[in-house]
Structures are given as C-alpha cells and as structure tokens.
Amino acid sequence: MTAAPGVPRVAPGGLREVGTVNWLVCRVAGRAAGTNPPNLFRTLARRRGLFRGWLWFAGRLMPGGALPRRETELVILRVAHLRGCRYEFDHHVRLGRRAGVRERDVERLREGPRAAGWTPREQAVLAAVDELHADRDLADGTWARLRAHLSEDECVELAVLAGHYEMLATVITALRVQPDRPDRPGRVRGR
C-alpha cells in the first residue's frame with residue numbers, strides 16, 4: 001500500500017478557504033476520528049457546495065446506510081486495500097474498530113474473500129467488491145450469491161458503496177492528500 005507521494009496538490013483549506021460551516025464540520029469529523037480535522041475533508045471543503053453535497057451523499061452510505069456497519073467498513077477497507085490507498089485504509093481501520101472490525105479481520109481483508117473465518121455473507125460481499133474492482137461489473141453467479149444473503153436494496157447499496165470508495169481513492173491519490181495526524185501526539189482514538 002502506498003502513501004500519497006510528496007506534497008499535496010491542493011493544500012487542505014483553513015477557516016478562510018473553507019468557510020465557517022465547513023470548518024466546523026471538519027473539526028467535528030476530526031474529533032470523531034481522533035485526528036485533527038481530516039485532510040480529505042479540508043481539501044474537498046475548498047469547494048464549499050460540492051463538499052456539503054458530497055458529505056450528505058456519503059453520510060447516506062456511511063454511517064446512514066442499510067448495510068450493517070461492520071459490513072460497510074469491510075467493504076471500504078477491501079476497496080482501500082485493492083486500490084493501495086493508505087489514507088482511506090488507515091482512516092477506516094480506526095472507524096472499523098468501533099463497528100466490530102478486529103485486527104484479525106484487517107489481516108484477512110488483505111488476504112481476500114477466500115480467507116478462513118468469513119461468514120458466507122461476508123464472503124459473498126467481499127467477492128463482489130473484488131469483482132467490482134477488477135471488472136467494474138458483477139457476473140451472474142456473483143449476483144446470485146449476493147442475493148442469497150442480501151436484499152435487492154442492500155445489493156444496490158453495496159454497488160454504490162464500493163463505487164463511491166473507489167472514487168474517493170482516486171481523488172485522494174490524484175490530489176496527494178496526506179495522512180491525518182492524531183489529535184494529540186501518541187494518541188489515536190478508536191485504538
């Protein structure tokens with residue numbers, strides 16, 4: 001997994017660049033993650049209206065989605081691993097802990113859906129994520145396995161969730177968003 005190399009292409013904004021409302025949102029997000037205001041949020045918030053629209057959309061997927069939070073975090077972590085997006089991966093390891101994703105799960109995520117220990121539902125979800133990443137589509141057999149465990153609505157959400165985090169990994173990589181710092185040296189909440 002690679003970190004975004006070098007210097008950010010777009011510097012994360014401060015209060016003046018992002019506006020008061022967006023700055024407060026960024027600070028709250030940092031407190032929730034146990035970091036300073038997240039660099040991704042501060043970068044996107046420079047486009048004030050776009051940021052608020054994205055935040056509303058993203059919040060409908062996580063934490064407000066229909067999929068169980070643990071599965072949501074497994075999907076995000078698998079996408080981040082497949083994309084080699086350290087920023088996304090590290091951020092969601094911290095968030096995933098609160099949703100029941102343990103260190104052993106993180107290790108298995110690196111191995112993939114065939115690793116021992118996944119439930120049949122988790123295997124189906126992770127196999128679909130891998131296929132969406134590789135092929136940008138799902139084979140009929142993959143869809144049938146998903147439908148054996150997920151409702152139609154959950155399948156729609158899964159496809160949108162995986163695609164959304166693929167998009168975020170692209171943005172993070174292209175803009176060279178740098179890792180977030182813990183809010184206090186030596187401390188990261190959620191660990």
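Rounded to the nearest 0.5 angstrom, L161 CG and E154 CD are separated by 12.0 Å. Put simply, CG on L175 and CG on L44 are 7.5 Å apart, with the number rounded to the nearest 0.5 Å. With values rounded to the nearest 0.5 angstrom, W143 atom CH2 is found 6.5 Å from E152 atom CD. To the nearest 0.5 Å, atom CD of residue E157 and atom CG of residue L67 are 4.0 Å apart. Within the model, atoms CG of L168 and CD of E88 stand 5.5 Å from one another, a figure rounded to the nearest 0.5 Å. Between the CG atom of D180 and the CZ atom of R94 there is a distance of 6.0 Å, given to the nearest 0.5 Å.
In this structure, R46 contributes its side chain and A11 its backbone to a donor-acceptor pair below 3.5 Å. Panel note: side chain Y87, backbone L40; a donor-acceptor pair is recorded below 3.5 Å. At least one donor-acceptor pair under 3.5 Å links the side chain of R78 to the backbone N or O of L109. Under a 3.5 Å cut-off, the side chain of R83 and the backbone N or O of E166 do form a donor-acceptor pair. Judged purely by atom type and a 3.5 angstrom limit, E17 uses its side chain to pair as donor or acceptor with the backbone of G14. At distances below 3.5 Å, at least one donor-acceptor pair connects side-chain atoms of W118 with backbone N or O atoms of G112. In this structure, R42 contributes its side chain and G13 its backbone to a donor-acceptor pair below 3.5 Å. Judged by distance alone, with hydrogens and angles left aside, the side-chain atoms of E71 form no donor-acceptor pair with the main-chain N or O of P68 at under 3.5 Å. Of the possible polar contacts, one joining the R147 side chain to the L150 backbone as a donor-acceptor pair under 3.5 Å is found.
Closest non-hydrogen pair, Q178 versus N39, comes out as O-ND2, 2.9 Å. Taking every heavy atom of both residues into account, A58 and H164 meet most closely at CB-CE1, 3.8 Å. Nearest heavy-atom pair across E73 and A99 is CG-CB, 4.1 Å. The minimum heavy-atom distance between H91 and A33, with the atom names listed, is CE1-CB, 3.6 Å. Heavy atoms only, all atoms of each residue included: T142 and E131 are closest at OG1-OE1, 2.5 Å. The heavy-atom pair separating H149 from R121 by the smallest distance is O-NH1, 2.7 Å.
Partners of F41 by ring pair (Phe, Tyr, Trp, His ring centres under 6.0 Å), not counting sequence neighbours, listed by chain and number: F51, W54.
W23 and V10 fall into different hydrophobic clusters, where Ile, Leu, Val, Met, Phe, Trp and Tyr are joined by side-chain heavy atoms under 4.5 Å apart, directly or via other members. Clustering ILVMFWY residues whenever any of their side-chain heavy atoms sit less than 4.5 angstrom apart, transitively, puts V25 in a cluster other than the one holding V18. Under the 4.5 Å side-chain heavy-atom criterion for grouping Ile, Leu, Val, Met, Phe, Trp and Tyr, V125 is connected to L138 within one hydrophobic cluster.
The 12-atom threshold is not exceeded at CZ of R47, counting heavy atoms of other residues, nucleotides or ligands nearer than 6.0 Å. Heavy-atom contacts from other residues, nucleotides or ligands closer than 6.0 Å to CG of D140 number 12 or fewer. Annotation for R70: atom CZ counts as buried by contact number, over 12 foreign heavy atoms lying within 6.0 Å.
Side-chain contact between L15 and T20: present, with at least one pair of heavy atoms (C-beta onward) separated by less than 4.5 Å. Side-chain contact between R52 and N22 is present, with heavy atoms from C-beta onward closer than 4.5 Å. Put simply, the side chain of T72 does not reach to within 4.5 Å of the side chain of L61, judged on heavy atoms. A heavy-atom distance below 4.5 Å is not found between the side chains of P179 and D90. You'll find the side chain of Y165 stays beyond 4.5 Å of the side chain of C85, heavy atoms only.
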If you apply the rule side-chain contact (heavy atoms from CB on, under 4.5 Å), what do you find for R31 with V28, and how did you get there? CA-CA 5 Å; R31 285 192 185 273; V28 168; 5.7 Å; no
Take Q123 and R114 through the test side-chain contact (heavy atoms from CB on, under 4.5 Å) and record every step on the way to the result. CA-CA 7 Å; Q123 284 179 326; R114 294 178 188 244; over 6 Å; no
After noting the C-alpha distance and the side-chain angles of V129 and L158, does the key distance pass the side-chain contact (heavy atoms from CB on, under 4.5 Å) rule? CA-CA 8 Å; V129 170; L158 171 64; 4.2 Å; yes
Stepwise side-chain contact (heavy atoms from CB on, under 4.5 Å) test for R181 and T35: CA-CA 6 Å; R181 293 187 323 259; T35 65; over 6 Å; no
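Salt bridge present: E107 and R104 bring a charged side-chain N and a carboxylate O closer than 4.0 Å. Taking 4.0 Å as the cut-off between side-chain N and carboxylate O, R102 and D105 do not count as a salt-bridged pair.
The hydrophobic side chain of L50 is isolated, with no ILVMFWY side chain under 4.5 Å apart from it.
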